[in-house]
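Beneath this line is the structure, given in structure tokens, with notes to follow.
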Amino acid sequence: MAKHNHPFHLVDYSPWPLTGSIGALTITSGMIMWFHKNNMNMFYLGMIILILTMFQWWRDIVRESTFQGKHTLKVIMGLKMGMILFIISEVMFFISFFWAFFHSSLSPTIEIGMNWPPKGIITFNPMQIPLLNTMILLSSGISITWAHHALMEKSHKQTSQGLLMTIILGIYFSILQAYEYYESTFTISDSIYGSCFFMATGFHGIHVMIGTIFISVCWIRHLKFHFSSKHHFGFEAAAWYWHFVDVVWLFLYITIYWWGS
């Protein structure tokens, strides 16, 4: 950065946006092949291209920020604003599912028997696995906050413990949700209830898995001493994302599992 007379990061030429676009195109084409031909080969190819692109692209970003010093305070402010706007867009994404749920539940149509839940749908007991999952996610929110404060206090060991605990709780949540889906008496094709339930909780589950991977990468980077008390936006972004996932689950639990059942 000593060569520049400004604090901004002008990115180098990179092949990864192109390979990422090719991977996304291959995945969507593969999904069409999967749905219509029951052939998943192109879908798997797209996933491989996308995973390899993500790994190498993020590796380059880690190098730029940690070893080349290109992420100045000005650049980090821009990254923070980008992450905030991304989380706002995710909030709007989940609002659409809640909108569909309340539109159908507050005024059930004659097609579903003017009743909510629709007749024949056996809902989950909100006091069983859903409540346990709520406690797991709330606990994981506490553990990642502990890790963040430990990092600010320059306690390497406690930060590592807090991140590892959060990862374990995230994996535990995903396992329990998979078991819940396996035990479900209804499917995504069972009326508007099944559609809303599996779309909302399924996309939340995907976000939990993405968040778990995000925090796992932060944990590995922390073990390699990539973070300091003043330079750790990658960790901070993961914590923001995880808290967002926690809050969405609270709304899901209160509306769909508890009130909606």
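FYI, side chains are in, hydrogens and waters are out, and symmetry mates aren't considered; it's all heavy atoms of this structure. Bear in mind the structure is a predicted one, so any value in this text is a computation, not a measurement.
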Tell me whether Phe102 at atom CZ has more than 12 heavy atoms from other residues, nucleotides or ligands lying less than 6.0 Å away. yes
ask   = Does the distance from a Lys or Arg side-chain N to an Asp or Glu carboxylate O, for Lys70 and Asp12, drop under 4.0 Å?
value = yes
CG of Leu151 to OG of Ser160, rounded to nearest 0.5 Å, is 11.0 Å
The reported gap from CG in Leu50 to CD1 in Ile27 (rounded to nearest 0.5 angstrom) is 4.5 Å
Heavy-atom closest pair (Trp259 atom, Leu106 atom, distance to 0.1 Å) is CH2-CD2, 3.6 Å
Rounded to the nearest 0.5 angstrom, the CZ-NE2 distance for Phe244 and His207 is 5.0 Å
So CD1 of Ile49 and OG1 of Thr19: to nearest 0.5 Å the spacing works out to 8.5 Å
Is the centre of the His231 ring less than 6.0 Å from the centre of the His226 ring? no
More than 12 foreign heavy atoms under 6.0 Å from OH of Tyr253: is that the case here?
-> yes
Self-check item: Tyr257 versus Thr134, side-chain donor and acceptor atoms under 3.5 Å
Solution: no
**Asked** Is Val208 reachable from Met165 through a run of hydrophobic residues whose side-chain heavy atoms are each under 4.5 Å from the next?
**Response** yes
Separation between SG (Cys196) and CG (Leu252), nearest 0.5 Å, reads 11.0 Å
Would you say the side-chain atoms of Thr166 and Ser140 include a donor-acceptor pair closer than 3.5 Å? no
**Message:** Tell me whether Phe235 shares a hydrophobic cluster with Trp58, the cluster being built from Ile, Leu, Val, Met, Phe, Trp, Tyr side chains joined at under 4.5 Å.
**Reply:** no
Can a donor-acceptor pair be found between the side chains of Glu153 and Ser155 at a distance below 3.5 Å? no
Taken to the nearest 0.5 Å, the spacing of Ser191 OG from Phe197 CZ works out to 12.5 Å
Measure from the ring center of Trp99 to the ring center of Phe94 and say whether it is less than 6.0 Å. no
Next on the checklist: Are Trp146 and Phe214 linked, directly or through intermediate hydrophobic residues, by side-chain heavy-atom contacts shorter than 4.5 Å (ILVMFWY only)?
Outcome noted: yes
(Q) Before we go on, tell me: are the rings of His156 and His222 under 6.0 Å apart, centre to centre? (A) yes
Next item on the list: For the pair Trp249 and His204, name the ring-plane relationship: parallel under 30°, tilted 30 to 60°, perpendicular over 60°.
Entry: tilted
Next item on the list: Over 60° means perpendicular and under 30° means parallel, so classify the ring planes of Phe43 and Trp34, tilted if in between.
Entry: tilted
With sequence neighbours left out, the residues meeting side chain to side chain contact (heavy atoms under 4.5 Å, CB included) with Ser14 are Trp16, Pro17
Heavy-atom nearest pair, His71 first then Ser65, reads ND1-CB, 3.1 Å
